[in-house]
Amino acid sequence: MGTKNKTAITPTREEDYAQWYQEVIKASDMAENSPVRGCMVMKPWGYAIWENIMNQMDAEFKKTGVKNAYFPLFIPLSYLEKEAEHVEGFAKECAVVTHHKLEKGKDGKLVPAGELAEPLIVRPTSETIIGESMSRWTSSYRDLPILLNQWANVVRWEMRTRMFLRTSEFLWQEGHTAHATKQEAVQRTMQMLDLYAEFVEKCLAMPVIKGRKTISERFPGADDTTCIESMMQDRRALQAGTSHFLGQNFAKGSDIRFQNEDGQEQYAWTTSWGTSTRMIGGMIMVHSDDDGLVVPPRIAPAHVVILPIIKKGDDNTKVLESAKALKAALQAKKFYGRAVEVEIDDRDIGGARGWDWVKKGIPLRVELGPRDIANNTVFMARRDMPASQKQSMDQEVFINTISEILDSIQQNLFDRALAFQKANTFHIDTRQEFYDLYKNTKGAHNGAFVFSHWCGSRACEEQIKKDLSVTIRCIPFDSPKEHGQCICCEKASEQRVLFAKAY
RNA sequence: CGGGAUGUGGCUCAGUCUGGUAGAGCACAGCGUUCGGGACGCUGGGGUCGGAGGUUCAAAUCCUCUCAUCCCGACCA
């Protein structure tokens, strides 16, 4: 079949962005849908990315004094009720456990039996159950701060699901801290947001915009929700991480009290912050192309695949030996704190072999054949460059500069994403222009990031959401104070906010 | 929960209107020719047609019920 000039993924981003996304995941062998509605199976290539995210983020958390712990999957229903807004936010999507065993029914099929005295919910988040522990651990200001994190799964029953972006069960990390003063808690909220921003930009190579959520977009029960927003290739925004200042709301609900230095009893100030496997969805949508996944080297499951050129009938032992030697030499090198990870693929499946790895997004493909061995070279292809730009390279040089090459790919991916974001970000000052931009957007062109003035009213926010499905993603921290008119009602405004269609 | 559809090998689907022995492409396995941009030929394995009931000499096809999934409308990391 003559398949030249075709893209590895059909449809392309332009043709059908949503379908393209699903195909990239399938073609890269990262994950698949599970027989359980709304859930997914993460396969090794996808899970390895999560493992790399966990390892690197975990180390960063610990540098700030955070310790890991683990709290139960099941939360007594009554706990959820301790914080009014919290119930409001999560009640609609809670999985509820009401029975503790199965019995054979009349038709021989298993039916739930043994009804629980109090139903348990499967955690949608853990503020309430961690709060309960914190209340028992806290009696003096000397017990504070408490700085905890847990890596866990959570369940939020979703109507419409998409792999990595929204599934009923997902993996995440949730940090929970309690402090003696408001200032300290606010500081921690910002510290973790900064940590997220740095991680996402440095490791996932995704440029982010830091800011504060509007009241309507706040985490249920929070006094302040901050976030990092990133632009996907269809110009929609994805929240890649979020950090909440919870004030004393949860401390009051869970009774987290302590005596201060003056002997007075006070409620603690708490924070929570989280990132999830959703980041992987973001990474896919920011970097991948019509030939499949593109993974930034710093979180790639493997950095290099060696493709030995094997001919049947020839003596291939030399080629295979050289491949193994090259692998060993590369593995002895370090990249961003871990050994360079190398795969050898000697499957006899012709040209499809190379494409498999293109679709998996491995940063470097290296062909190694008799000609290379004779010349002491390798034939190298970078995933961030067109596949036609393969180049021959001295083997020693390749081995000794592997770390630089991977860094250059990492940097290139970030630069590219940032350039795209900037090219699709506008300042708009009239309602007409604003509506025109978003009105007829679809597919891979879901508008843009738009910085416009907003009066601060809920009504205007709602109106725009209703008319255009466009929301205020955040009030950016670095947005300068300036006088202007609300894009919706034309009342006076002091600051521009970030509008976009959101995931 | 309202509206629309679809259930046939691992995947994508044809066949259903007009009942007559279960099909194709891809994938998979074997052999051979290939191999530094997605190869080809031959051979082969694999399906109680979502489930239950009914009509009929005969049901993937017609009828009834049921289950499941997907798409579209109100929320969310």
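In this text, all values refer to a predicted model and were calculated from it rather than measured experimentally. Computed from heavy atoms alone, side chains included, the values below leave out hydrogens, waters and symmetry copies. Residue numbering restarts at 1 for every chain, and letters A, B, ... go by the order of the sequence lines.
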Pairwise C1' distance, B:G32 and B:C13 [rounded to whole Å]: 32 Å

Whole angstrom value for the distance that separates P of B:G36 from CG of A:Asp345: 14 Å

All side chain to side chain contact (heavy atoms under 4.5 Å, CB included) counterparts of A:Thr98, not counting sequence neighbours: A:Val96, A:Pro119

Under the ring pair (Phe, Tyr, Trp, His ring centres under 6.0 Å) test, residues paired with A:Trp269 that sit two or more places apart: none

Value in whole Å for how far the C1' atom of B:G36 lies from CZ of A:Phe379: 7 Å

C1' atoms of B:G50 and B:C57, separation to the nearest Å: 27 Å

Spacing of A:Trp172 atom CH2 and A:Trp273 atom CH2 [to the nearest 0.5 Å]: 11.5 Å

Nucleotide B:G37, atom P - distance to CD of A:Gln389 in whole Å: 14 Å

RNA chain B contacts among residues 193-215 of chain A, heavy-atom distance under 4.0 Å: none

Sugar-phosphate only, base, or nothing, as touched by A:Ala387 at under 4.0 Å among non-hydrogen atoms: base

side-chain contact (heavy atoms from CB on, under 4.5 Å) between A:Ile280 and A:Ile53, intermediate numbers included: CA-CA 9 Å; A:Ile280 298 175; A:Ile53 289 172; 3.9 Å; yes

Nearest-Å distance for atom pair CD/P, residues A:Gln19 and B:U12: 11 Å

With A:Ala31 via side chain to side chain contact (heavy atoms under 4.5 Å, CB included) - residues at least two apart: A:Ile25, A:Met40, A:Met163, A:Phe164

Charged N-O contact under 4.0 Å between A:Lys62 and A:Asp58: yes

Option among A:Arg473, A:Lys213, A:Glu217 that satisfies the side chain to side chain donor-acceptor pair (under 3.5 Å) test with A:Gln239: A:Lys213

Which residue lies more 5' along RNA chain B, comparing A:Val378 with A:Lys26 via nearest heavy atoms: A:Lys26

Base paired to B:A77 (Watson-Crick or G-U; both N/O distances under 3.5 angstrom): none

At a cut-off of 3.5 Å, list every protein nitrogen or oxygen paired with a nitrogen or oxygen from nucleotides 3-9 of chain B, distance to 0.1 Å.
none

Check: A:Arg458 and A:Thr214 side chains under 4.5 Å, non-hydrogen atoms: no

Nearest heavy-atom neighbours spanning A:Pro363 and A:Ala302: CD-O, 3.4 Å

C1' spacing across the pair B:A5 / B:G25, given as an integer number of angstrom: 24 Å

Any-strand Watson-Crick or G-U partner of B:C42, both distances under 3.5 Å: B:G30

Of the listed nucleotides B:G38, B:U34, B:G37, the one nearest the side chain of A:Asp348: B:U34

Nucleotide B:G36, atom P - distance to NZ of A:Lys311 in whole Å: 7 Å

B:U61 and B:G9, which share atom name P, separated by this distance in whole Å: 15 Å

For A:Gln173, the option from A:Thr275, A:Asn68, A:Thr277 that meets side chain to side chain donor-acceptor pair (under 3.5 Å): A:Thr275

Watson-Crick/G-U partner (both atom distances under 3.5 Å) of B:G23: B:C13

Touch class at under 4.0 angstrom, heavy-atom based, for A:Ser388 against every strand present: base

Pairs meeting criterion side-chain hydrogen bond (donor to acceptor under 3.5 Å, both in side chains) with involvement of residues 162-171 of chain A, two or more places apart: A:Asn153-A:Glu169

Rounded distance in Å between the P positions of B:U6 and B:G10: 23 Å

Close residues, residues 361-370 of chain A, relative to RNA chain B [heavy-atom separation under 4.0 Å]: A:Glu367, A:Gly369, A:Pro370

Sugar-phosphate only, base, or nothing, as touched by A:Leu238 at under 4.0 Å among non-hydrogen atoms: nothing

Rounded distance (Å) that lies between atom C1' of B:G36 and atom CD1 of A:Ile373: 12 Å

Base partner of B:A60, which must satisfy Watson-Crick or wobble distances under 3.5 Å: none

Kindly list each side-chain donor-acceptor pair under 3.5 angstrom involving residues 197-208 of chain A, sequence neighbours excluded, with atom names and distances?
from	atom 1	to	atom 2	distance (Å)
A:Glu198	OE2	A:Lys202	NZ	3.3
A:Glu201	OE2	A:Val208	N	2.8

Note: A:Arg383-A:Asp289 ion pair, threshold 4.0 Å (strictly below): yes

Minimum heavy-atom distance A:Arg353-A:Asp345, with the two atoms named: NH1-O, 2.9 Å

Ring geometry between A:His244 and A:Phe219 (parallel below 30°, tilted from 30 to 60°, perpendicular above 60°): parallel

Complementary nucleotide of B:U69, counting Watson-Crick and G-U pairs under 3.5 Å: B:A5

Whole-angstrom distance between B:C11 and B:U69, as gauged at atom P: 16 Å

Selection residues 7-28 of chain A - residue pairs positive for salt bridge (charged side-chain N to carboxylate O under 4.0 Å, His left out), sequence neighbours left out: A:Arg13-A:Asp290, A:Glu23-A:Lys26

Under 4.0 Å protein heavy-atom contact, by nucleotide of nucleotides 68-77 of chain B - B base, S sugar-phosphate only: -SSSS-BSBB

Integer-rounded Å distance: B:C35 C1' and A:Leu307 CG: 12 Å

Straight-line distance of A:Met285 CE to A:Tyr21 OH, nearest 0.5 Å: 5.5 Å

With the criterion being N/O to N/O and under 3.5 Å, what pairs connect the protein with nucleotides 41-47 of chain B, and how long is each?
none

P spacing across the pair B:G7 / B:C63, given as an integer number of angstrom: 15 Å

Partner residues of A:Met190 under the side chain to side chain contact (heavy atoms under 4.5 Å, CB included) criterion, sequence neighbours left out: A:Leu193, A:Thr226, A:Phe477

side-chain contact (heavy atoms from CB on, under 4.5 Å) assessment of A:Met54 paired with A:Leu171: CA-CA 10 Å; A:Met54 280 196 282; A:Leu171 304 182; over 6 Å; no

Whole angstrom value for the distance that separates C1' of B:C28 from CZ of A:Arg347: 14 Å

Inter-nucleotide C1' distance (B:U64, B:A22), Å rounded: 26 Å

Check: B:G36 base within 3.5 Å donor-acceptor of A:Asp372 side chain: yes

